[in-house]
Amino acid sequence: MKATIALLPGDGIGPEVVAEAVRVLRAVAEGWHHTFEFSEALIGGCAIDAHGTALPAATLAVCQSADAVLLGAVGGPKWDDPRAAVRPEQGLLGIRKALGLYANLRPVTVTPAMARRSPLRAEIVQGVDLVVVRELTGGIYFGEKTSVYVRADEERATDTCVYTTSEIARVVRRACDLARTRRGVVTSVDKANVLETSRLWRRVTSAIVASEYPDLKLEHILVDACAMHLLRRPTDFDVIVTENMFGDILTDEASMLAGSLGLLPSASLGEGTRGLYEPIHGSAPDIAGQGSANPLATILSAALLLRYSLGLEDEARAVEEAVGVTLAAGIVTADLAEPGAASSTTVVADAVLTALRHLATIAA
Ligand code: IPM
Ligand code: MG
């Protein structure tokens, strides 16, 4: 097939990890006889430096004319002034909103090789296979914000959490469709004992599952309890669906089941097949430019791109298997390595490429 992929490397380690994922995508194109064209654009801090805005119109145009978007990370100390009017994160929130990507899928799987490296006991995390479906374009990240001086020495700030029936319904349907292809269990996470938006979330979710997905098992749990159960019994979860901020927080926590934030990919999807794929980690400015960042979350995001936007399931699986082989061989970056045994970003990606080329030969 022929596809156009927009690349938004962004800031910090973003360009390093995207470059490795592009090598993997090129190897897929070669091994399975596809033509991928890449177009690159600026987002985040580097876009602020060049154009004064975190999401230039040209970047949006590149993304809108592509079949899929692969993004690295945005942000860094250079743009961190809390008083700044333009912030790198506006680029990320802006592109998700502009492309209508309301469902953010964050899969977490733990193989035996990973279980040994998790900060949690191996017997707790061994066999984890869950997906968090995070609502991505609503809630408190997008509601009205205010910040005013009420007196010379007293400031007042507000963030508003807003959800509508239809915003909840569409992401819940996406989670239910996914659960039907898996173990059929949906856990909806809210704070319905306190928040009005959560009570609406719970009503809408219950009604949709009862009327459209009676074959699924639905459970509701409160976000604080979920944070605890994720560490106590993570293998019980199949699909977790939750609002924007809870999903943001719970997925950083869930990444520790896998052993590192550097392992978790994500897919942001809307109504069509165009999606945005990015690692869940940030720009890690402390290690940027050192060649030590873990490229696997971005490589796994490229696998999700192949699966969800290009419909290339075999190729997606091959990339995931190549990552599995690399982890099982103990070729890992500093975030996962024993002291003194860390491989560089490029060496880890090289190992993935070797395994992938081998799989391509078998598939051919
Ligand atoms: C994430 C990140 C972003 C988010 C930040 C960088 C705006 O934490 O993708 O999880 O909160 O969505
Ligand atoms: Mg986050």
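We number each residue from 1, following the sequence as shown. Computed from a predicted model, the values in this text were never measured in an experiment.
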Look only at the side chain of [X] and the backbone of [Y], and say whether a donor-acceptor pair between them is shorter than 3.5 Å.
{"X": "S283", "Y": "A73", "value": "no"}
{"X": "D67", "Y": "T4", "value": "yes"}
{"X": "T333", "Y": "S344", "value": "no"}
{"X": "T137", "Y": "L101", "value": "no"}
{"X": "D159", "Y": "K145", "value": "no"}
{"X": "T242", "Y": "R134", "value": "no"}
{"X": "N244", "Y": "Y141", "value": "no"}
{"X": "T59", "Y": "I43", "value": "no"}
{"X": "S309", "Y": "G275", "value": "yes"}
{"X": "R156", "Y": "V148", "value": "no"}

Does a side-chain heavy-atom distance below 4.5 Å link [X] with [Y]?
{"X": "L353", "Y": "V24", "result": "yes"}
{"X": "Y213", "Y": "I208", "result": "yes"}
{"X": "E16", "Y": "Q290", "result": "no"}
{"X": "R203", "Y": "T165", "result": "no"}
{"X": "V128", "Y": "F237", "result": "no"}
{"X": "L336", "Y": "L263", "result": "yes"}
{"X": "P107", "Y": "L304", "result": "yes"}
{"X": "C226", "Y": "F246", "result": "no"}

- Report the C-alpha separation of Q64 and L60 in whole Å, then their side-chain angles, then the decisive distance to 0.1 Å, and conclude whether the side-chain contact (heavy atoms from CB on, under 4.5 Å) test is met. CA-CA 6 Å; Q64 275 161 342; L60 193 53; 3.8 Å; yes

Nearest non-hydrogen partners of [X] and [Y], listed with the distance:
{"X": "G259", "Y": "P119", "result": "CA-CD, 3.9 Å"}
{"X": "S255", "Y": "L261", "result": "OG-CD1, 3.3 Å"}
{"X": "G91", "Y": "A54", "result": "N-CB, 3.5 Å"}
{"X": "A41", "Y": "P9", "result": "O-CD, 3.7 Å"}
{"X": "H51", "Y": "P56", "result": "CD2-CG, 3.8 Å"}
{"X": "A293", "Y": "I287", "result": "CA-CD1, 3.9 Å"}

Decide if atom [atom1] of [X] counts as having more than 12 heavy atoms of other residues, nucleotides or ligands within a radius under 6.0 Å.
{"X": "R317", "atom1": "CZ", "value": "no"}
{"X": "E30", "atom1": "CD", "value": "no"}
{"X": "E155", "atom1": "CD", "value": "yes"}
{"X": "H358", "atom1": "NE2", "value": "no"}
{"X": "E144", "atom1": "CD", "value": "no"}

Nearest 0.5 Å, please: how far is [atom2] in [Y] from [atom1] in [X]?
{"X": "L250", "Y": "H229", "atom1": "CG", "atom2": "NE2", "result": "12.0 Å"}
{"X": "H34", "Y": "M1", "atom1": "NE2", "atom2": "CE", "result": "7.5 Å"}
{"X": "Q126", "Y": "S118", "atom1": "CD", "atom2": "OG", "result": "10.5 Å"}
{"X": "L359", "Y": "E320", "atom1": "CG", "atom2": "CD", "result": "11.5 Å"}
{"X": "R96", "Y": "L71", "atom1": "CZ", "atom2": "CG", "result": "8.5 Å"}
{"X": "D238", "Y": "L130", "atom1": "CG", "atom2": "CG", "result": "8.0 Å"}

- Message: Does L306 form a side-chain contact (heavy atoms from CB on, under 4.5 Å) with V319? I'd like the steps, not just the answer.
- Response: CA-CA 9 Å; L306 295 167; V319 172; 3.9 Å; yes

Please say yes or no: joined through hydrophobic side-chain contacts below 4.5 Å, possibly via intermediate residues, are [X] and [Y] part of one cluster?
{"X": "I280", "Y": "L178", "result": "yes"}
{"X": "Y277", "Y": "L93", "result": "no"}
{"X": "I95", "Y": "L136", "result": "no"}
{"X": "L99", "Y": "L42", "result": "no"}
{"X": "V189", "Y": "V239", "result": "yes"}

- Query: Would you call the rings of F36 and F38 parallel, tilted or perpendicular, where under 30° means parallel and over 60° means perpendicular?
  - Reply: perpendicular

- Message: Using salt bridge (Lys or Arg N to Asp or Glu O under 4.0 Å), reason through R23 and D350 one step at a time and then give a plain yes or no.
- Response: CA-CA 9 Å; R23 288 169 70 211; D350 283 345; 2.4 Å; yes

- Verdict with reasoning, H281 to S260, per side-chain hydrogen bond (donor to acceptor under 3.5 Å, both in side chains): CA-CA 9 Å; H281 63 67; S260 169; over 6 Å; no

- Message: Checking E219 against T187 for the side-chain hydrogen bond (donor to acceptor under 3.5 Å, both in side chains) test, could you report, in this order, the C-alpha distance in whole Å, the side-chain angles of both residues, the deciding distance, and whether it holds?
- Response: CA-CA 5 Å; E219 59 172 3; T187 304; 2.7 Å; yes

- Could you walk me through whether L296 and V352 pass the side-chain contact (heavy atoms from CB on, under 4.5 Å) check? CA-CA 9 Å; L296 296 180; V352 174; 3.7 Å; yes

- Item | The single option from T298, L8, I299 passing side-chain contact (heavy atoms from CB on, under 4.5 Å) against V18 | T298

- Task: Evaluate side-chain hydrogen bond (donor to acceptor under 3.5 Å, both in side chains) for T109 paired with D129, printing each intermediate quantity in order.
- Result: CA-CA 4 Å; T109 53; D129 180 8; 5.7 Å; no

- Output, in order, the C-alpha distance, side-chain angles, deciding distance and verdict of salt bridge (Lys or Arg N to Asp or Glu O under 4.0 Å) for D153 and R151. CA-CA 5 Å; D153 61 348; R151 282 197 317 268; 3.2 Å; yes

- Message: Set out, in order, the CA-CA distance, both residues' side-chain angles and the distance that settles salt bridge (Lys or Arg N to Asp or Glu O under 4.0 Å) for K78 and D11, then state yes or no.
- Response: CA-CA 10 Å; K78 183 174 175 194; D11 309 315; over 6 Å; no

- When you look at T251 and R106, which way does the side-chain hydrogen bond (donor to acceptor under 3.5 Å, both in side chains) test go after all the steps? CA-CA 7 Å; T251 50; R106 299 187 162 187; 2.8 Å; yes

- Yes or no on side-chain contact (heavy atoms from CB on, under 4.5 Å) for T346 and E20, after CA distance, side-chain angles and deciding distance? CA-CA 7 Å; T346 304; E20 303 302 344; 3.2 Å; yes

